[in-house]
Structure formats: structure tokens, C-alpha cells
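Everything on this sheet refers to the single structure shown next.
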Amino acid sequence: MEDNYSQWYNDLVIKADLAENSAVRGCMIIKPYGYAIWEKIQAELDRMFKATGHVNAYFPLFIPKSFFTKEASHVEGFAKECAVVTHYRLKNDENGKGIIVDPDAKLEEELIIRPTSETIIWHSYKNWIQSYRDLPILINQWANVVRWEMRTRLFLRTAEFLWQEGHTAHATKEEAIEETEKMINVYAEFAENSMALPVIKGYKSANERFAGAIDTYAIEALMQDGKALQAGTSHFLGQNFAKAFDVQFTDKTGKLDYVWATSWGLSTRMIGALIMAHSDNKGLVLPPKLAPIQVVIVPIYKTSEQLEKLNETSEKIKKDLEKLGLSVKYDNRDNNTPGWKFADYELKGVPVRLAIGPRDLENKTIEVARRDTLSKETISIDKLVGHIPGLLDEIQKNIYNKAFNFRKENTHYVNTWTEFNEVLDNKGGFIMAHWDGTSETEEKIKVETKATIRCIPFETPDEAGKCVYSGKPSGRRVLFARSY
RNA sequence: CGGGGUGUAGCGCAGCCCGGUUAGCGCAUCUGGUUUGGGACCAGAGGGUCGCAGGUUCGAAUCCUGCCACCCCGACCA
């Protein structure tokens with residue numbers, strides 16, 4: 001494991017052409033290649049949301065301050081990290097000091113740049129919901145949000161980030177809880193199938209719960225440096241927001257009741273997760289399902305006659321692979337050597353690289369290289385197109401298995417406080433340990449070790465034990481880790 | 001907001017302690033040529049208000065004061 005992990009990671013991101021720090025504190029520029037990864041993530045999630053009955057909509061970036069004050073715990077949770085718009089105009093300074101904010105253009109009510117959209121959305125829902133016939137509302141929005149964090153980290157915690165946020169309204173508590181569970185399952189399925197990232201689904205403890213939620217479900221993933229990353233959350237909001245925004249409906253029996261709510265979100269942090277879960281010393285390793293370029297073809301030649309012949313063969317291979325729905329790049333730029341291109345596409349994480357030269361043309365062969373194992377084989381061109389789809393599947397599986405085994409090896413079942421500290425200091429990773437269920441104990445553990453309860457896993461067997469900290473009885477183990 | 005560190009070419013850095021020619025190196029860029037099966041080589045060229053503002057001095061990237069920005073470690077968090 002790398003000691004200078006964060007340094008290595010920052011270098012990688014910059015070298016990999018993914019992002020660089022902008023002049024604005026804690027914001028990121030997502031360069032085209034990084035954005036292409038986000039577009040793949042978006043496309044897959046959007047498909048899954050629609051398959052589960054959701055539709056997309058868009059709400060304003062600006063939220064009047066008064067909206068925020070309506071839900072008490074929500075304000076408390078977000079107040080400390082809001083960017084606020086106070087004026088709407090600039091003017092030339094009379095003393096010639098350039099452009100200044102026009103003091104006459106002060107807004108009567110300040111506008112908050114959304115850190116999340118519950119408040120403005122529930123303000124709208126009030127007008128959309130009168131009867132049980134208006135329910136459920138199942139809306140998702142793709143948006144940017146701003147959270148003025150004290151400390152930022154590229155991809156993992158930037159001041160502005162892109163995400164999707166789902167906001168649903170339901171007639172019954174049961175239906176809302178079912179929705180909350182459904183969406184955490186969608187996230188888990190996405191993480192495991194598309195991102196090749198094994199995750200643990202579970203409940204958040206009261207301390208870690210979303211501001212304004214009754215219950216928060218989360219998926220937690222383990223990064224290669226032994227730290228946990230919260231990869232997606234789904235919240236059961238109860239009737240908190242409905243009450244705060246006075247959203248009532250008439251049910252089938254004619255009785256008036258408050259609406260039940262959920263919200264769920266997943267952000268560009270996932271790009272960071274992808275990088276930190278799968279990368280090696282040569283750069284990114286992208287799972288084929290999310291790779292903007294799945295196959296790259298690099299020609300090797302000396303003369304322009306050779307290149308012409310290679311162009312012909314390569315373009316045909318490219319077309320044949322594209323017919324299978326694959327994304328293929330043929331890189332015959334002559335300003336870089338093949339060796340340079342090999343290294344560059346490895347840095348970018350392209351799953352499969354094909355190299356073809358005069359020698360191959362003679363033998364009717366082609367070199368196939370895998371990014372995940374860095375292995376190479378030479379196969380007959382005739383068999384190539386039939387070979388690639390299966391190879392991509394295999395790579396996808398292999399990346400998942402590698403991450404799964406890593407997590408398995410780094411999940412420690414500990415029973416004593418000494419052991420707990422030893423594991424944290426020497427190995428890191430996930431710790432499954434008993435906990436007495438109190439916020440007090442959780443807080444003490446956090447202060448002493450920086451480890452928090454990542455989640456109370458859904459699928460953990462009942463097991464009598466004693467709290468690793470207080471020694472009080474516990475009915476099951478929970479997941480501890482140091483996290484991002 | 002507390003503790004530490006860094007600001008010198010597009011990027012990465014040396015020079016600063018101990019002030020003194022025209023501020024240097026690697027990568028990248030441009031031109032010409034030779035190259036191309038794992039990050040090519042040779043020759044030449046362009047590119048700098050040394051973070052900003054004061055001060056000390058005959059003379060400041062270098063010393064002093066103030067400010068600003070960024071990074072790392074905490075508190076906060078997706």
C-alpha cells in the first residue's frame with residue numbers, strides 16, 4: 001500500500017487528464033476524458049431510474065433563505081456550508097478601483113446556492129399534491145450543488161459537484177420505505193455491476209444520518225488505501241419535509257394526511273471511487289462497462305506505405321467491433337511513438353489495447369493486451385472480433401473479483417478494544433465489531449480512533465457479543481472504518 | 001478557524017541560509033533532420049513583472065514587514 005497515497009492520486013488525476021484544480025477554491029475542472037466517464041455513469045443510472053418508474057425534472061439553483069429555515073435539523077446540517085447570494089449587480093467603482101458590488105443592488109432576501117434540493121422541491125410539491133391520485137411523485141434531477149466545505153479533496157469532496165438527486169412523495173409510510181430500499185438496491189447493483197465495486201449496504205447510525213432524515217441507507221466501499229468511501233445514500237424522510245412545507249393530501253377515505261418522502265443521491269465522487277478502488281502504478285484501470293474507450297488500436301509502422309495498409313486493416317477491425325456496440329479508438333497519429341501511446345492508454349485505463357504492425361499483417365495476427373492484468377497475447381485477426389466481447393466481460397469480472405478479494409482480505413472481525421486499535425493503526429480496512437447501540441459510545445470511538453460506524457449492514461447474522469468499547473451486550477456486528 | 005509547508009516559464013523544480021554579471025535545469029512547445037514492436041535521438045529557437053505591496057541597501061528571487069493564494073494535518077462532510 002502506498003504511503004503517499006493522496007499525492008499519488010492527485011498526480012494520477014492530473015496526469016490522467018481527468019481534472020485539475022481551478023482558481024476557485026475547492027472546485028474542479030472535469031476534463032473531457034473524466035467527463036466522458038461521468039457520462040457513462042449518468043447513462044447507466046438514468047436507464048436504471050427510468051426502469052424503476054422515475055422521470056427527470058429540473059429545479060432552480062437558487063433557494064430563498066426562508067425555505068431553508070423551515071426544517072430545523074436540515075438547517076442545522078447545512079447552514080455551515082452554504083454559499084449565499086446577496087447582490088445582483090456590479091458597477092464601476094467611482095474611485096477608479098475597477099468593478100465592485102453595487103451596494104444599491106442588495107437582495108431583500110438572500111439566495112442560497114443549493115447544497116441539496118429538498119427544500120425547493122418540497123416547496124413545489126405543495127402545489128402539485130392535493131389527493132392520493134397525485135401520488136406517488138417519482139422525480140430525479142441531474143444537477144450541480146455547492147457545499148462550502150472547510151477542506152476539499154479532488155473528486156471526493158469538492159466545493160461544487162455534479163450529482164443526481166431523487167425526490168419522491170408517497171401516500172404511505174410503507175411505500176416510502178419500500179422506495180428508499182429500492183433505490184439503495186439500485187445503487188448497489190450499479191456499483192457492483194457497472195463499477196466493478198463491491199459495496200456493503202446498510203443503515204447509517206443516528207450520528208451519520210442525513211440532516212432531516214428518519215433513516216439513511218448507504219452503500220460503503222473500501223478503497224485500496226484501507227479507507228472507506230460512502231458511495232451513495234438513500235434517505236427515508238418520513239413526514240418531516242411534508243410537515244415543514246405543509247404538504248397534505250386527501251387519502252382514499254377522505255382523511256387529510258401529510259405526504260411521506262424519500263430522497264437519494266449519487267455524485268461525481270464515484271469517479272474518485274473508480275480511481276481509488278481499481279488503479280495501479282501505471283494509472284487508471286477502468287471497468288469495461290464504464291470505459292469511454294473500450295478498445296484502442298495502435299498501429300506500428302516505419303513507412304507511409306506500411307501505415308496505409310495498417311489503416312485499411314485497422315479501420316475494418318474498428319468498424320466490425322463498433323457493430324457489436326463497442327467504443328473503439330484507432331490512434332494513428334504520427335506525432336507519438338507506439339511506446340508512448342501504450343503508456344498513455346494505460347494511464348487512461350483503456351481495458352483492451354490492440355497493436356498491429358507489418359509483421360502482424362504478414363502473419364494475419366494482432367496483439368491483444370489487457371489493462372487489468374497487463375498481459376499480452378497474439379491471436380489470429382480472423383478470431384479477433386469474436387474474441388473481444390468475451391474478453392471485456394472477463395476483464396469486468398476480474399476487476400470486480402480483485403476488488404472483492406481485497407475487501408475480503410481487509411475486513412477484520414475484532415472482539416477487543418486492543419485489537420480494534422491494532423487493526424486501525426497497522427492494516428486499516430473494514431472492521432466488523434460489536435457496538436452497544438449508543439451514540440455516546442460511537443462518538444467516543446470516533447474521538448479516540450477517527451473510525452466511525454460506516455453502516456449497520458442489512459445482511460449480518462444475529463450474533464450475541466459485547467461492545468468492543470463499553471463491554472455492554474450487543475446483538476450484531478456493525479461496520480467500522482476510517483473514511484473519506 | 002488552529003498547526004505545518006510552499007509560491008521562480010504551460011507543468012515539475014534548483015537557486016534563497018551566506019544579497020553582486022544577462023535567473024537556471026528537466027518535461028512540454030516550435031523549426032529542421034534522423035526515428036517508430038514499450039514513454040526515441042541530434043541540432044537550434046521561443047517562452048519569466050522570481051505571488052503582491054512596502055522597506056533596508058550602491059545593488060534584492062535572496063534580508064525585513066505586511067498582505068494574498070495554494071497544499072498538507074485537524075474540526076466539518078457525499
Side-chain angles (χ1 to χ4, degrees), chain A residues 3-7 9-11 14-15 17 20-27 76-82 115-116 143-165 187 204 207-211 213 216 218-221 228-235 263-273 282-283 298-304 306-307 310 331-348 353-363 365-367 369 374 376 378 443 446-447 450 452 454 482-484:
Chain A
D3 291 333
N4 56 347
Y5 194 87
S6 66
Q7 184 58 47
Y9 162 68
N10 285 337
D11 284 350
I14 290 158
K15 280 188 202 151
D17 248 15
E20 63 182 22
N21 293 320
S22 76
V24 183
R25 178 191 170 280
C27 289
E76 204 185 313
F78 285 104
K80 283 174 283 182
E81 53 186 54
C82 287
T116 179
N144 58 338
V145 289
V146 169
R147 295 183 187 175
W148 215 263
E149 303 288 356
M150 288 170 175
R151 196 150 112 66
T152 57
R153 257 193 117 104
L154 202 57
F155 280 126
L156 300 182
R157 201 180 304 106
T158 43
E160 177 187 359
F161 58 95
L162 304 180
W163 75 344
Q164 58 70 215
E165 45 181 328
Y187 286 157
K204 282 287 178 184
N207 288 359
E208 300 279 321
R209 217 171 266 156
F210 176 73
T216 290
I219 51 172
E220 291 287 329
L229 186 76
Q230 179 173 309
T233 47
S234 181
H235 315 290
S263 71
W264 25 275
L266 188 146
S267 75
T268 38
R269 169 178 268 198
M270 289 317 251
I271 304 175
K282 287 185 182 288
V298 178
I300 295 154
Y301 58 93
K302 285 192 173 69
T303 65
S304 56
Q306 287 175 336
L307 178 60
L310 289 167
D331 185 357
N332 63 352
R333 292 174 301 168
D334 67 352
N335 53 349
N336 290 115
T337 61
W340 190 92
K341 290 176 187 172
F342 291 173
D344 191 49
Y345 289 111
E346 273 161 11
L347 199 59
K348 288 187 159 72
R353 184 189 69 232
L354 306 176
I356 184 163
R359 221 156 62 202
D360 291 302
L361 284 186
E362 247 172 63
N363 306 329
T365 57
I366 189 160
E367 184 189 85
L374 294 169
K376 292 186 273 197
T378 300
E443 189 58 30
K446 185 180 176 180
V447 170
K450 288 177 205 149
T452 49
R454 299 321 304 153
R482 288 196 181 129
S483 75
Y484 279 103

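Chain identifiers are assigned alphabetically (A, B, ...) following the order of the sequence lines, protein sequences preceding nucleic acid strands; residue numbering begins at 1 within each chain. Worth saying up front: this structure is predicted, and the values here are computed from it rather than measured.
Side-chain contact between A:Thr116 and A:Glu165 is present, with heavy atoms from C-beta onward closer than 4.5 Å. Using a 4.5 Å heavy-atom threshold, the side chains of A:Glu160 and A:Arg147 count as separate. By the 4.5 Å heavy-atom criterion applied to side chains, A:Val146 and A:Pro115 are not counted as neighbours.
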Would you list the protein and nucleotides 74-76 of chain B atom pairs, both N or O, that sit under 3.5 Å from each other?
| residue | atom | partner | partner atom | Å |
| --- | --- | --- | --- | --- |
| B:C76 | O2 | A:Glu149 | OE1 | 3.3 |

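No hydrogens or angles considered: nothing links the side chains of A:Asp334 and A:Tyr301 as a donor-acceptor pair under 3.5 Å. No hydrogens or angles considered: a donor-acceptor pair under 3.5 Å links the side chains of A:Thr216 and A:His235.
Scanning RNA chain B for stems, defined as runs of 3 or more consecutive Watson-Crick or G-U wobble pairs whose donor-acceptor distances all fall under 3.5 Å, gives the following ranges: B:1-7 with B:68-74, B:10-13 with B:24-27, B:29-34 with B:40-45, B:51-55 with B:63-67.
Exactly one of A:Val145, A:Ile271, A:Asn144 qualifies for a side chain to side chain contact (heavy atoms under 4.5 Å, CB included) with A:Leu162. That residue is A:Asn144.
Per the geometry, CG belonging to A:Asn335 stands 17 Å off C1' belonging to B:G33, to the nearest Å. Rounded to whole Å, atom P of B:C77 lies 15 Å from atom CD of A:Glu220.
The NZ atom of A:Lys204 lies 11.5 Å from the CZ atom of A:Arg209; values are rounded to the nearest 0.5 Å.
Rounded to whole Å, the C1' atom of B:G3 lies 12 Å from the corresponding atom of B:A75. When the P atom is compared between B:G51 and B:A23, the two are found 15 Å apart, to the nearest whole Å.
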**OP:** Quick one, give me the B/S/- string for nucleotides 35-43 of chain B, reading 5' to 3', where B means a protein heavy atom under 4.0 Å from the base and S means that only happens at the primed atoms, P, OP1 or OP2.
**Re:** -BBBBB---
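The shortest non-hydrogen separation linking A:Asp331 to A:Lys341 is O-NZ, 3.1 Å.
For A:Trp163 and A:Phe161, the ring centers are positioned less than 6.0 Å apart.
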Subject >> Audit row: A:Arg454, A:Glu208, salt bridge (charged side-chain N to carboxylate O under 4.0 Å, His left out) steps and yes/no >> reply: CA-CA 8 Å; A:Arg454 299 321 304 153; A:Glu208 300 279 321; 3.6 Å; yes
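Across all strands, A:Ser267 comes closer than 4.0 Å to base atoms (heavy-atom distances). Nucleic acid contact class of A:Phe161 (heavy atoms, under 4.0 Å, all strands): base.
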